[in-house]
Structures are given as structure tokens and as C-alpha cells.
Amino acid sequence: MHVVIVGAGQAGAALAAKLRTLGHGGPITMIGEEPHPPYQRPPLSKAYLLGEMEAERLWLRGPDFWAEHNITLMLGQPVTALDTHAKTLTVGGQVVGYDALAMTTGSNPRRLPAAIGGDLPGVYTVRTLADVDQMRAEFTPGRRVVIVGGGYIGLEAAAVAAKLGLDVTVLEMAPRILQRVASAETSAYFRELHSSHGVRIMEATGLDRLLGEGRVTAARLTDGRELPADFVIVGVGITPATALAEGAGLTLDNGIATDALGRTSAADVWAAGDCASFPWKGGRLRLESVGNAIDQAEVVAENILGAGQEYAAAPWFWSDQFDCKLQIAGLNAGYDHIVTRKGDGAAVSFWYYKGDALLALDAMNDPRAYMVGKRLIEMGKSPDPAAIADPQTNLKALLK
């Protein structure tokens with residue numbers, strides 16, 4: 001059985017490796033748009049951008065792994081067509097047949113429209129190695145960067161820029177940074193953290209357009225003010241990369257729609273990672289995280305080989321900003337109150353409850369709270385909020 005994987009990112013790499021671990025001896029071909037072997041994306045906006053990590057340390061596997069495991073890499077070549085009836089892909093002018101196909105196409109960054117200056121030179125997104133390589137030369141002390149979007153990517157880029165001595169302004173259209181993904185308490189924590197490092201946070205502030213002739217020079221706000229900018233980073237979210245799937249007639253629903261096993265609407269076509277949505281608690285869910293990309297891809301690998309195992313997501317995320325490591329477990333959608341727990345020193349965690357049910361937590365420099373909270377959520381346990389709030393409570397005892 002020839003398994004073809006479209007997308008050479010975290011999910012694609014995990015799926016290919018898992019197939020070999022499970023004993024699949026047939027050919028495996030992984031196709032990637034970028035010229036690089038599969039690599040980690042999270043460090044791009046952190047250690048790599050800071051210059052603390054070399055490109056070789058980004059690679060998910062050593063340079064010999066793919067050849068040693070007889071996994072063919074077709075890199076730097078986009079797939080231009082998929083025919084699910086003929087079971088073929090068109091890649092750089094050649095046709096590749098498959099017996100099973102896995103779509104691990106990931107996601108694309110949202111960009112600002114060209115009509116408001118989004119395509120001016122000096123305007124960047126943070127998604128690929130090429131994106132970061134292109135912008136690294138801009139990070140010179142004293143230069144002015146405007147970051148559009150106060151989500152995790154924007155804030156991570158802001159932290160790097162501030163560490164490197166730049167003048168940093170973050171624009172957030174919503175009333176607060178991180179509004180879409182976190183509680184007001186978490187937003188306040190990171191607002192204070194960034195402000196203490198000299199980052200200017202401008203919330204409830206709309207962008208009218210980017211200005212410049214031949215290169216970006218300023219950002220004009222909706223209230224008419226203009227902020228000088230030597231360059232701009234846009235961090236306004238990502239969208240699932242579904243163009244190939246859509247062109248082939250696959251069912252889409254906030255990404256490529258799969259069943260609980262990872263199967264798409266086409267026979268012998270599977271999907272995993274950022275691009276895929278799957279059944280979740282009576283609805284559908286699509287997760288943008290390393291953990292999901294790996295876990296879902298490995299379940300799909302098992303199912304391609306006939307396991308029939310449903311994917312049970314256990315969401316977790318992280319972000320590094322300045323000296324803070326944020327670790328998140330669970331999904332906070334629908335929470336109605338927050339329980340705050342003080343840890344050792346400056347550590348703190350915010351626990352999301354809906355009624356009596358624990359949904360999620362955000363832990364800042366508190367790995368113990370994170371690990372216990374993650375286990376509790378996975379076990380379906382919801383401790384008394386008063387016990388969580390009491391710093392004298394032994395968290396590990398709550399797992400019994």
C-alpha cells in the first residue's frame with residue numbers, strides 16, 4: 001500500500017514515522033510546499049527569531065531519518081491537483097498515485113488586504129521558516145515595529161522585539177489582548193508583563209491602513225492617529241489550508257471535515273492537524289497546536305492500517321514570552337467563572353469552570369499546577385474551586 005502524505009509539517013512527519021513504527025513496509029511519500037525537511041514551527045517566533053536556535057535544531061528528525069526509513073520526500077513542490085476517483089495527485093508536472101492519502105496541509109496566516117497596505121514591503125507574517133528568515137534583519141535595536149494583533153503569535157513576536165531593544169507597539173482591535181482565547185485575568189497578566197518590558201499595548205484600537213510608498217512607513221489608526229513604523233508584523237490568526245481539498249470536492253466544515261477516525265468524505269483520504277475538523281462533544285472542533293497535530297496524525301496512521309480507533313483529543317498549548325512560560329490545558333469555551341491559584345513566587349494559574357465543571361487552566365510559570373490540571377481534565381475530575389484557590393491545598397492529592 002502506497003501512502004502519500006500531503007503536507008510536510010508536524011502532523012505529516014508524525015504520521016509517516018508512526019506508519020513505520022507500526023510496521024508498514026509499503027512506500028511512503030511525503031510532499032511539502034517548502035524546500036525544507038519537516039521542522040518545528042513554535043520556536044520560529046521565539047528562540048529562532050531571537051537567534052538562540054540554529055535552523056538545524058528546528059528539524060523534527062535528523063537528516064538521515066527519512067532515507068533510512070525509506071520515506072520519500074518531495075519538497076518545494078506544491079500539489080496542484082487531486083483526483084480522488086483516479087487516486088492521483090499532480091505535483092510539479094508529474095502524476096503520483098496513491099492507495100491511501102493523508103491531508104496534513106496545515107494552515108495559512110491571515111494577511112491584511114492589499115487595499116490597506118498589506119502587501120507593502122516591510123510587512124510580515126510569522127508562519128514559515130522563510131517568513132522569519134526574511135524579517136530577522138529588521139530586528140535592530142532602536143527600530144520601530146508595529147505588531148497588528150494581540151494574540152499569542154503577536155505577543156511572542158513583541159517579546160522578542162523588546163528583548164532585542166526595539167521600540168514595540170501592539171495594536172489590538174478587541175477590547176483586550178488575547179480576548180478570543182483567554183480570560184480577562186490572563187489578558188491582564190500579559191498586559192502587565194509586556195508593559196513592564198516597555199511594550200506599548202493599544203487595545204480597542206482599530207487599524208485603518210498601513211502607509212508607505214514602496215515600503216511601509218507608518219500605521220494609520222481608525223481615529224486618525226499615525227504610528228511611525230520601520231516594519232510591521234501581522235498576527236491576526238490563521239485559516240486551515242483547504243484549497244486542494246476544496247478543489248477535489250472534499251466536504252469542508254471549519255477545515256477538512258473528518259469522522260472520528262480521521263476519514264474525509266472521499267474514500268481512502270484522511271486528514272489530520274491544523275487543517276482538519278473532527279467530531280467533538282456533539283459538534284465539530286479544529287485545533288491549532290503541536291499536541292493535536294502529533295496525536296491526531298498518529299491515530300490516523302493507525303487507522304490507515306485498519307485499527308478503527310476514534311481520536312480522543314486532549315488539548316494542550318504553550319507560549320513563551322519574556323521570562324514567562326504559559327502552559328494551557330483543556331478548552332475554555334463556555335466558562336462562566338475563573339478560580340485564581342497563587343503558586344510559588346510569581347507563579348499563578350487561572351482555572352476555568354462552567355458551573356462545577358473544570359474545563360481548562362492557564363498556568364504561568366507553574367508547571368505543577370499545569371500537570372495536575374491537565375490530568376484532572378483528562379480524568380474528567382472537577383475539584384472544589386475553594387480547594388484550588390487555597391494555596392495550602394496539595395494539588396497532587398486531588399488526583400486520587
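All values reported here derive from a predicted model rather than from experimental measurement.
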Exercise for review: Let me see the working for Lys18 and Leu22 under side-chain contact (heavy atoms from CB on, under 4.5 Å), right down to the final yes or no.
Suggested key: CA-CA 6 Å; Lys18 187 68 171 180; Leu22 293 169; 3.9 Å; yes
Test item: [X] side-chain N/O and [Y] main-chain N/O as donor-acceptor pair under 3.5 Å:
X      : Y      : result
Glu226 : Arg220 : no
His24  : Met1   : yes
Thr125 : Arg127 : no
Asp208 : Leu221 : no
Thr128 : Asp131 : yes
Thr104 : Val6   : yes
Asp390 : Ala386 : no
Arg20  : Asn70  : yes
Asp259 : Arg263 : yes
Lys381 : Ile377 : no

Establish, from distance only, whether the side-chain atoms of [X] and [Y] form a donor-acceptor pair under 3.5 Å.
X      : Y      : answer
Tyr39  : Arg41  : yes
Asp362 : Tyr352 : yes
Tyr124 : Glu138 : yes
Arg284 : Ser277 : yes

Might you point out which heavy atoms bring [X] and [Y] nearest each other, and give the distance in Å?
X      : Y      : answer
Leu75  : Ala8   : CD2-CB, 4.2 Å
Ile177 : Gly150 : CB-O, 3.5 Å
Ala157 : Phe139 : O-CE2, 4.4 Å
Leu15  : Ala301 : O-CB, 3.8 Å
Glu156 : Gln321 : CG-CG, 4.0 Å
Ala13  : Leu60  : CB-CD1, 3.9 Å

Sub-4.5 Å side-chain heavy-atom contact between [X] and [Y]:
X      : Y      : result
Arg286 : Pro240 : yes
Arg341 : Thr393 : yes
Ile388 : Tyr353 : yes
Asp83  : Thr90  : no
Thr169 : Arg144 : no
Trp351 : Leu376 : yes
Leu171 : Ile147 : no
Ile233 : Val148 : no

Is it the case that over 12 heavy atoms from other parts of the model lie below 6.0 angstrom from the [atom1] atom of [X]?
X      : atom1 : value
Asp356 : CG    : no
Arg215 : CZ    : yes
Gln309 : CD    : yes
Asn394 : CG    : yes
Arg143 : CZ    : yes

Are [X] and [Y] joined in one hydrophobic group, where the rule is that I, L, V, M, F, W and Y side chains link up if heavy atoms are under 4.5 Å apart?
X      : Y      : answer
Val91  : Leu250 : yes
Phe317 : Ile294 : no
Ile28  : Met74  : no
Met173 : Val234 : no
Val3   : Val96  : no

Check your understanding: Considering the options Ile116, Val146, Val123, Asp119, which one meets the side chain to side chain contact (heavy atoms under 4.5 Å, CB included) requirement together with Leu210?
Key -> Val123
**Study point:** Option passing side chain to side chain contact (heavy atoms under 4.5 Å, CB included) with Phe278 (candidates Val299, Asp253, Asn292)
**Key:** Asn292
To the closest 0.5 Å, what do you measure between [atom1] ([X]) and [atom2] ([Y])?
X      : Y      : atom1 : atom2 : result
Leu399 : Met371 : CG    : CE    : 9.5 Å
Ile256 : Met103 : CD1   : CE    : 4.5 Å
His69  : Asp64  : NE2   : CG    : 11.0 Å
Asp323 : Asn365 : CG    : CG    : 6.5 Å
Ile338 : Ser349 : CD1   : OG    : 10.5 Å

Check your understanding: Salt bridge check: are Glu52 and Lys46 linked by an N-O gap of less than 4.0 Å?
Key -> no
Check your understanding: If you measure from the Lys or Arg side-chain nitrogens to the Asp or Glu carboxylate oxygens, is any gap between Asp320 and Lys325 under 4.0 Å?
Key -> yes
Side chain to side chain donor-acceptor pair (under 3.5 Å) partner of [X], the single match among [options]:
X      : options                : result
Ser107 : Thr242, Thr239, Asp274 : Asp274
His2   : Thr29, Asp99, Thr72    : Thr29
Ser187 : Arg176, Gln179, Glu172 : Arg176

Point to revise | Tyr48 six-ring centre to Arg57 NZ/CZ under 6.0 Å and within 45° of normal | key: no
Check your understanding: Are Tyr311 and Asn303 close enough, and set up right, to give a side-chain hydrogen bond (donor to acceptor under 3.5 Å, both in side chains), and what steps lead you there?
Key -> CA-CA 10 Å; Tyr311 176 52; Asn303 291 336; over 6 Å; no
**Study point:** side-chain contact (heavy atoms from CB on, under 4.5 Å) assessment of Val181 paired with Tyr152
**Key:** CA-CA 9 Å; Val181 293; Tyr152 288 120; 3.6 Å; yes
Check your understanding: Where do Leu19 and Thr21 land on the side-chain contact (heavy atoms from CB on, under 4.5 Å) test, with the steps shown first?
Key -> CA-CA 5 Å; Leu19 285 171; Thr21 301; over 6 Å; no
Practice item. Applying side-chain contact (heavy atoms from CB on, under 4.5 Å), run through Leu44 and Leu129 and close with a yes or a no. Key: CA-CA 7 Å; Leu44 291 179; Leu129 186 53; 3.8 Å; yes
